[in-house]
Amino acid sequence: MSDDGGPLLLIYEDPSDHRSLSLDDASSTEESPDGDNLSLEAINDVIPYIGQRFLTHDAAYEFYSTFAKRCGFSIRRHRTEGKDGIGKGLTRRYFVCHRAGNTPVKTLSEGKPQRNRRSSRCGCQAYLRISKITELGSTEWRVTGFANHHNHDLLEPNQVRFLPAYRSISDADKSRILMFSKTGISVQQMMRLMELEKCVEPGFLPFTEKDVRNLLQSFKKLDPEDENIDFLRMCQSIKEKDPNFKFEFTLDANDKLENIAWSYASSIQSYEIFGDAVVFDTTHRLSAVEMPLGIWVGVNNYGVPCFFGCVLLRDENLRSWSWALQAFIGFMNGKAPQTILTDHNMCLKEAIDGEMPATKHALCIWMVVGKFPSWFNAGLGERYNDWKAEFYRLYHLESVEEFEIGWRDMVNSFGLHTNRHINNLYASRSLWSLPYLRSHFLAGMTLSGRSKAINAFIQRFLSAQTRLAHFVEQVAVAVDFKDQATEQQTMQQNLQNISLKTGAPMESHAASVLTPFAFSKLQEQLVLAAHYASFQMDDGYLVRHHTKLDGGRKVYWVPQEGIISCSCQLFEFSGFLCRHALRVLSTGNCFQVPDRYLPLRWRRISTTFSKTFRSHAEDHGERVQFLQNLVSTLVSESSKSKERLEIATEQTSILLSRIREQPISSLALRDISSVQRNF
C-alpha cells in the first residue's frame, strides 16, 4: 500500500493476516516530508513492533498513545472487526493518527447555523493494528500491523501537549475550578492560581483555558425551569441563615420565574451612609439565562466601590424597571438615593421619574462615551480625536451659557447638524453635561478613575461562570471578598502618615475628621486657596485667582449660622468645600471647617461602626458598655496631640450640653438602675 508521499511501510506477522488498510476511500494525501518516519529521540523499547503482546486492547491503546505523544502526534480508535465481520466477537482493532481520514462534506440545513471550523484531518496513513489471539486457552492481543509514516509535520514536545487527546481535567481539578467560579474570578485567574498551586510553569497545566470554559459551560446546560426553582431555593436558604438578607421575585401566569432582586445585609448597612449617589448599571446580561442584569453600586468614604443590590429581569420594559426600583427602595427601608446614574434607556428613565420623583436622574458619562467609536468614528474619520477632545472640553465647562455657545460652535465646525447621535446627545444634555449637574451630588462618580474602579468591581460579578442557582451565592462571595479588600485598603490608608501642606488649622482639623481619601480631595482645594484673593462685596465675597483682574466666583457666608456657599457648586457636587469658600473662611479668621461641610459620608466612620451600634441597640446595658468603649477610644485618640485634645474638649462640652437638654423617661430610669446594679 502506498500514497503520493512515498512507500508506506507495512509489516505483517502472518500472511493470513495480510489485508490492506484504507482509512478513507476518498482520501487525498500530501507529499510526506523526509525524516517523519520516527522521532530520533524515541527509545527502542517503546517503539511498537510486530508480535508485541498485550493482555487487553486498552493496554495496547495506552502504549501506542504514549509512543505517539513522544513522536509528536495523538491517536484515536478507528475501526473494530469481528470474526467473519459479524457477530463473532471483537477480534481486531485499528488505532490511527489523529489526522487520519478526511472530513465528510456536511449537508447544510437552511435556517440552522453552521460551525465554520477547519478540520485537522489530512488522510494520514500512520496506524497500529492489533489482533486477538487465543492459544492453549489463553487470550492476548498482538501487534499485527504497524506504520509510522506521516504526511504532515509532527509536533514539538511543547506543542503536542495541547492536542485534545492529552488534555484532561481531573475530578479534583474540576471541584477546584467550580469553587473558583463561585468567587467570580476570571478563567485566566483560575489558571494562574492552579499553576501556582501545582508549581508548574505558566501554560503547562494538562488543560487549557478553553477546556475550563467548556467545563463551566457544561454546568449551565440544565433545564431552565429547574434552574429557576434551584435559584429560589438558594435565596431562601441564604435567608434562613441570614434573616437580614432580602430578596423579592415575581412569577408569570405559568408560575415561571419572571423577575428577581436581592440585597445582602452588609449592602443595606452600607447604603444607609453611602446611598446618596447610586450607579444602576443595566448594560450587562447574565449569560447563564440570557436575562438582563442590573447592579446597584456606590462609593464609600474611602473612595472604594460598594455593592448595594442585584436584579434579573425577563423583559426590559416600563413594568419591569418599575418593579425593580420598587424592590430596591423596599430593601433600603424606603430610602431613595439623592442621585441615580444609569445608561440611556427611555423606559428606565420613565420608571425612575415615577418611582423616584425626588431623585435626580443622570447618565453615566462613561457609558455614553463608550458608544462614541461606533457613533462617530466612521463619519468623522481622522477628525474623530479632535472632536472627542472638544466634547470633553465642553463636558467639563462650569457655565451652562458657555456650554450652549460651545456646543453650537462644535456642531458647525465638524458639520454635525444632521447627525442623529449629536442631536440625541444635545436633547439629553441636562442628564450628562456637568454644567447642568453641578448642583447635584454625584460623589465623584463621573471621574474616569472612579468609573474604571466601578467597572472593575462589576466585572467580578459578570465573570461568575456557573449555574443560575449559584449566581446569588457567587455574588455574595464576591461582595464579601470586596468587603475584606476594602477593610485592608481602609487600614492601609489609616496607617499612612498624612502630610500637612499648608500648616493651616483648618487643614489639621480636617485631617482628624475625614478619611485619608476624602482629606486628600479637600487638601487639594486648601492648597489652591492660597493662590486666590477675596474681595468683600455688599452681597458676599468675590474670589478670583491672584493673577486675574476680572471674573471670579461669588461666595456667600453667614458666620453666625455657619453657612457658606459658592457659585462653583463644588460642595453640592462632590461634598468637598471649594478653594473659593476656603479662602473666604481663612480670610474671616475661621480655623475649622464648619461641621456641616464635613459630611458623615466622608468621615472616618466605617460600616463596621454602624453595624456594631445597631447590634447593640436592643440592649440598654450593652449600649452603655459600647458608649464607655467609645469614650475610652476618644480619650486615647485625643491625648495624642494638643490640637486633638482642644477639639475633643470643645466638642464634648457641646455634646454634653445637648444631652442634658433631653428629657429622661421613667422606663429609661429603670434601665439605668438595672445597668448600675450589673456594674
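Keep in mind that what you see is a predicted model, and the values were worked out from it rather than measured.
- The backbone N or O of G303 lies less than 3.5 Å from no partner atom in the side chain of N301, so there is not a single donor-acceptor pair.
- T339 contributes a side-chain N or O that, together with a main-chain N or O of F441, makes up a donor-acceptor pair within less than 3.5 Å.
- Side-chain atoms of S574 come within 3.5 Å of backbone N or O of L570 as a donor-acceptor pair.
- Evaluation of the side chain to side chain donor-acceptor pair (under 3.5 Å) rule for K246 yields N333 as partners, not counting sequence neighbours.
- A cation-pi arrangement is not found for K239 relative to F247, the charged atom failing to lie both closer than 6.0 Å to the ring centre and inside a 45° cone about the ring normal.
- Looking at heavy atoms from C-beta onward, F245 lies in side-chain contact with C235 at the 4.5 angstrom threshold.
- The minimum heavy-atom distance linking M506 with V593 is given by the pair CG-N, 3.8 Å.
- Within the 3.5 Å criterion, the main-chain N or O of T515 finds no donor-acceptor partner in the side chain of R604.
- Using a distance-only test at 3.5 Å, with no hydrogens or angles considered, no donor-acceptor pair links the side chain of W557 to the main chain of G588.
- Aromatic rings from Y597 and F571 are positioned such that their centres are separated by under 6.0 Å.
- Side chain of Q525 to backbone of R579: a donor-acceptor contact under 3.5 angstrom is found.
- Between L582 and L522, the closest side-chain pair of non-hydrogen atoms falls below 4.5 Å.
- Between L293 and V311, the closest side-chain pair of non-hydrogen atoms is not below 4.5 Å.
- Partners of D242 by salt bridge (Lys or Arg N to Asp or Glu O under 4.0 Å), not counting sequence neighbours: none found.
- When only modelled atom types and interatomic distance are considered, Y426 and E404 share a side-chain donor-acceptor pair under 3.5 Å.
- Taking 4.5 Å as the limit, every side-chain heavy atom of P435 sits out of range of all side-chain heavy atoms of S399.
- Side-chain contact between V584 and V543: present, with at least one pair of heavy atoms (C-beta onward) separated by less than 4.5 Å.
- Other residues, nucleotides and ligands contribute more than 12 heavy atoms inside 6.0 Å of the CD atom of Q651.
- The main-chain N or O of T649 is never found under 3.5 Å from a side-chain atom of T652 such that the two would form a donor-acceptor pair.
- A salt bridge does not link K335 to D276: none of the charged nitrogens lies less than 4.0 Å from a carboxylate oxygen.
- Nearest approach of Q569 to S439, heavy atoms of both residues: NE2-CB, 3.5 Å.
- Panel note: side chain S430, backbone Y436; no donor-acceptor pair is recorded below 3.5 Å.
- Here E272 does not pair with R601 in a salt bridge; the nearest charged N to carboxylate O distance is not below 4.0 Å.
- The salt bridge (charged side-chain N to carboxylate O under 4.0 Å, His left out) analysis of residues 359-371, with sequence neighbours excluded, yields the pairs D343-K371.
- Side-chain contact between L313 and W321 is present, with heavy atoms from C-beta onward closer than 4.5 Å.
- F517 is listed as a side-chain neighbour of W602, based on a closest heavy-atom distance under 4.5 Å.
- From D315, atom CG reaches atom CE of M291 across 8.5 Å, with rounding to the nearest 0.5 Å.
- In terms of modelled atom types and a separation under 3.5 Å, the side chain of H396 and the main chain of Y392 share a donor-acceptor contact.
- Within the 4.5 Å cutoff, no side-chain heavy atoms of H344 are placed close to those of V368.
- Partner of F308 under the ring pair (Phe, Tyr, Trp, His ring centres under 6.0 Å) criterion, chosen from W296, Y271, W262: Y271.
- In this structure, F372 has its ring center at least 6.0 angstrom away from the ring center of W366.
- Summarising the geometry of A511 relative to L500, their closest heavy-atom pair is CB-CD2, 4.1 Å, with the distance given to 0.1 Å.
- For the residue pair N259/T250, the side-chain donor-acceptor check at 3.5 Å is satisfied.
- Judged by distance alone, the side chain of T359 and the main-chain N or O of A336 form no donor-acceptor pair under 3.5 Å.
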